[in-house]
Amino acid sequence: MADQQLSIQEQEEREEREHFARVINSFKFYKLHSLKRLQLSKVSYMNLSDQHKSRTLGYMDNLETIQTCIVHNYEVIKLILQDCQYMFLNKDECISDADFERVKKADCAPPTSEEMDKVKTTLRQIVRDWSEDGRAEREACYQPVMHAVLTRLGSRKPSDVKILVPGAGLGRLVFEFARLGYSCQGNDWSLHMLLASNFILNRCQERNSMVVYPWVHQYTNNLATKDQTRRCMFPDISPLQISSDSDFSMVAGDFTKIYTEPNSWNAVVTVFFLDTAHNIIEYLETIYTILAPGGYLVNLGPLLYHWAGQVNEMSVELSYEELRKVMLDIGFEIEKEEMNVRCMYTQNPLSLMQNYYNCVMFVARKPLPRPTHHDQNS
């Protein structure tokens with residue numbers, strides 16, 4: 001029985017290592033993938049008549065600029081990937097060449113379009129979390145939840161307040177809480193996000209020391225030709241602004257499996273996170289368990305439900321009305337609710353097409369234990 005359990009554990013560890021290798025492989029595939037898409041535009045242009053080409057002078061020059069931007073982005077990606085195989089593991093347990101070889105098998109390569117979309121989303125996430133260009137979008141999401149936490153816990157000594165941010169992405173919200181002195185931990189299951197956050201938080205020491213071209217993959221809905229190739233500088237603040245003795249960390253993995261210790265957090269802050277669940281009820285039960293009595297769940301986000309409609313994937317898709325009833329049934333006390341909080345997510349502000357969410361913002365409290373009859377008489 002023990003041997004069988006060990007075998008299962010070894011298989012799970014191997015699958016985790018291969019998944020990590022696939023994520024790294026998707027980043028490495030970025031340049032080829034992006035240049036293949038660019039080639040489609042070049043071929044279409046070359047098929048134009050000479051007369052039509054003469055009406056679009058400079059079009060091919062712009063495509064060459066796009067190519068230059070793609071190559072530059074890949075240089076940034078290579079920096080992100082430096083020593084990445086050691087990020088979560090001891091060097092003796094690092095991702096091996098054999099792991100990479102397994103993901104190169106015919107049934108594994110090349111990366112899927114979904115995996116490549118995650119790479120491009122990571123570049124846009126850099127804008128959202130760590131650039132001046134993303135300030136308005138970022139503050140629309142982060143300021144309301146930070147204000148809710150500070151209003152309720154701001155009178156306490158910050159270092160005594162433990163805040164958890166699941167779905168932390170590139171870590172900016174965690175960073176902002178830690179900058180105020182709070183004990184704060186971020187969690188995310190996306191290795192694409194964790195690789196980028198590790199690079200920014202641990203290796204980008206100077207403000208605006210890096211450049212990325214996040215909109216270079218947007219070939220449509222551009223008002224000006226230069227919009228597609230405009231640059232974004234990051235980080236807009238040095239991560240070194242957090243003192244070395246601050247309690248600030250990022251943890252990789254499944255939220256419901258990692259966080260099981262009851263009564264251990266004063267606040268759980270979720271921004272565009274709850275709807276990433278296969279089972280949102282499990283998320284809420286987990287949060288209620290790990291919150292200390294009197295602790296708060298502070299949420300802002302839509303209910304997109306990331307797994308909705310996917311074959312062989314569980315997805316429980318509750319309306320907010322149903323979700324609210326579940327929270328009350330679990331035991332939460334809802335202190336605040338605000339509907340139609342307009343927010344964007346990794347949106348190109350100059351695009352001719354704009355998407356936004358009418359988010360729900362709420363604060364739910366885990367109540368203090370009711371006094372027992374003995375307590376009342378003592």
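It should be emphasised that the depicted structure is a prediction, and the values quoted were computed from it without experimental measurement.
Hydrophobic clustering of Ile, Leu, Val, Met, Phe, Trp and Tyr side chains at less than 4.5 Å, counting indirect connections, keeps Leu35 apart from Leu40. With hydrophobic clusters built from ILVMFWY side chains whose heavy atoms lie under 4.5 angstrom apart, Leu240 does not share a cluster with Leu180. By the criterion of side-chain heavy atoms lying less than 4.5 angstrom apart, applied directly or through intervening Ile, Leu, Val, Met, Phe, Trp or Tyr residues, Met233 is not grouped with Val127; the two fall into different hydrophobic clusters. Side-chain heavy atoms closer than 4.5 Å link hydrophobic residues (I, L, V, M, F, W, Y) into clusters, and following such links, even through other members, never connects Val269 to Trp189. At a threshold of 4.5 Å between side-chain heavy atoms, the hydrophobic network of Ile, Leu, Val, Met, Phe, Trp and Tyr places Leu291 and Leu368 in two separate groups.
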### Task
Could you walk me through whether Tyr283 and Phe273 pass ring-ring contact (aromatic ring centres under 6.0 Å, His included), step by step?
CA-CA 10 Å; Tyr283 268 20; Phe273 171 72; 4.7 Å; yes
### Task
Walk me through it: do Leu191 and Phe20 pass the test side-chain contact (heavy atoms from CB on, under 4.5 Å)?
CA-CA 7 Å; Leu191 291 175; Phe20 195 4; 3.8 Å; yes
### Query
Which is it for Met250 and Leu194 under the side-chain contact (heavy atoms from CB on, under 4.5 Å) test, yes or no, and what are the steps along the way?
CA-CA 8 Å; Met250 295 283 288; Leu194 289 162; 4.3 Å; yes
### Task
Dump the intermediate steps for side-chain contact (heavy atoms from CB on, under 4.5 Å) on Tyr182 and Lys157, then the final yes or no.
CA-CA 8 Å; Tyr182 290 98; Lys157 183 180 178 182; over 6 Å; no
### Task
Could you walk me through whether Glu176 and Arg179 pass salt bridge (charged side-chain N to carboxylate O under 4.0 Å, His left out), step by step?
CA-CA 5 Å; Glu176 293 297 340; Arg179 199 152 66 108; 3.0 Å; yes
### Task
Step by step, work out the side-chain contact (heavy atoms from CB on, under 4.5 Å) result for Val216 and His72.
CA-CA 11 Å; Val216 73; His72 174 87; over 6 Å; no
### Task
Step by step, work out the side chain to side chain donor-acceptor pair (under 3.5 Å) result for His192 and Ser26.
CA-CA 9 Å; His192 289 87; Ser26 68; 3.0 Å; yes
### Message
For a side chain to side chain donor-acceptor pair (under 3.5 Å) check, start with the C-alpha distance between Lys120 and Gln218, then their side-chain angles and the critical distance, and finish with the verdict.
### Response
CA-CA 10 Å; Lys120 291 179 281 189; Gln218 182 176 319; over 6 Å; no
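In this structure, Lys78 pairs ionically with Glu75, as a charged nitrogen and a carboxylate oxygen lie closer than 4.0 Å. The residues Glu132 and Arg135 are annotated as salt-bridged, a charged nitrogen and a carboxylate oxygen being separated by less than 4.0 angstrom. At a threshold of 4.0 Å, the pair Glu18-Arg22 does not count as salt-bridged, since none of the basic side-chain nitrogens sits closer than that to a carboxylate oxygen. The residues Glu333 and Lys366 are annotated as not salt-bridged, no charged nitrogen and carboxylate oxygen being separated by less than 4.0 angstrom.
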Under 3.5 Å, side-chain donor or acceptor atoms of residues 207-215 against the rest of the protein: list the pairs with distances, not counting sequence neighbours.
unit_1: Arg207; atom_1: NE; unit_2: Asp236; atom_2: O; d: 2.8
unit_1: Ser209; atom_1: OG; unit_2: Glu206; atom_2: O; d: 2.9

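The closest donor-acceptor contact from the side chain of Glu338 to the backbone of Val360 lies at 3.5 Å or more, if one exists at all. Side-chain atoms of Ser351 do not come within 3.5 Å of backbone N or O of Gln354 as any donor-acceptor pair. For Trp307 (side chain) and Ala277 (main-chain N/O), no donor-acceptor pair under 3.5 Å exists by modelled atom type. A donor-acceptor contact shorter than 3.5 Å is absent between the side chain of Ser44 and the backbone of Ser41. Counting only distance, with no hydrogens or angles, the side chain of Asn358 and the backbone of Val341 share no donor-acceptor pair below 3.5 Å. Side chain of Thr65 to main chain of Asp61: a donor-acceptor pair is present (N/O by atom type, distance under 3.5 Å, no hydrogens or angles). In this structure, Ser34 contributes its side chain and Lys31 its backbone to no donor-acceptor pair below 3.5 Å. For Asn187 (side chain) and Val251 (main-chain N/O), a donor-acceptor pair under 3.5 Å exists by modelled atom type. Put simply, the side chain of Arg230 gets close to the backbone of Asp227: a donor and an acceptor are under 3.5 Å apart. In terms of modelled atom types and a separation under 3.5 Å, the side chain of Ser49 and the main chain of His52 share a donor-acceptor contact.
Enclosure of atom NE2 in His306 by more than 12 non-hydrogen atoms of other residues, nucleotides or ligands within 6.0 angstrom is indicated. More than 12 non-hydrogen atoms from other residues, nucleotides or ligands lie less than 6.0 angstrom from CD of Glu15. When the shell of 6.0 Å around NZ of Lys36 is examined, it contains 12 or fewer heavy atoms from other residues, nucleotides or ligands. Sparse packing is recorded around CE of Met353, with 12 or fewer heavy atoms of other residues, nucleotides or ligands lying under 6.0 Å away.
Within the 4.5 Å cutoff, the side chain of Leu323 has heavy atoms near those of the Leu303 side chain. Proximity of Leu164 to Tyr259: side-chain heavy atoms (C-beta onward) are separated by under 4.5 Å at one or more points. Contact annotation: the side chain of Arg172 never approaches that of Arg128 to less than 4.5 Å [non-hydrogen atoms, C-beta and beyond]. Here the side chains of Arg203 and Gln82 are in contact, with some heavy-atom distance below 4.5 Å. Using a 4.5 Å heavy-atom threshold, the side chains of Val326 and Leu284 count as touching. Residues Thr289 and Pro262 form a side-chain contact, since some pair of their non-hydrogen atoms from C-beta on lies under 4.5 Å apart. Taking 4.5 Å as the limit, every side-chain heavy atom of Asp188 sits out of range of all side-chain heavy atoms of Phe255. Leu81 is listed as a side-chain neighbour of Lys28, based on a closest heavy-atom distance under 4.5 Å.
One finds the CG atom of Leu79 at 12.0 Å from the CD1 atom of Ile200 (value rounded to the nearest 0.5 Å). Expressed to the nearest 0.5 Å, how far CD1 of Ile287 lies from CD of Glu282 amounts to 11.0 Å.
Minimum heavy-atom separation, Cys359 to Cys343: SG-CB, 3.9 Å. Residues Asp129 and Gly171 come closest through the heavy atom pair OD2-N, 3.6 Å. Taking both residues in full, the closest heavy atoms of Glu137 and Met344 are given as CG-O, 3.3 Å, listed atom of the first, atom of the second, then distance. Contact detail for Glu261 and Ser264: the closest heavy-atom pair is O-OG, 2.8 Å. Counting all heavy atoms, side chain and backbone alike, Trp130 lies closest to Leu170 at NE1-O, 3.0 Å. Here the closest non-hydrogen pair linking Tyr305 and Leu318 is OH-O, 2.7 Å.
Applying the side-chain hydrogen bond (donor to acceptor under 3.5 Å, both in side chains) test to Tyr30 and every residue at least two apart in sequence or in another chain returns Asn73, His217.
In this model, a donor atom of one side chain and an acceptor atom of the other lie less than 3.5 Å apart for Thr270 and Asn299. At a cut-off of 3.5 Å, with distance as the only test, no side-chain donor of Asp133 or Ser131 sits close to an acceptor on the other residue. With no hydrogens or angles considered, no side-chain donor-acceptor pair links Gln125 and Lys118 at under 3.5 Å. No hydrogens or angles considered: nothing links the side chains of Glu313 and Ser315 as a donor-acceptor pair under 3.5 Å.
Identified under the ring-ring contact (aromatic ring centres under 6.0 Å, His included) test for residues 330-360, with sequence neighbours left out: Phe272-Tyr345, Phe272-Tyr357, Tyr288-Phe332.
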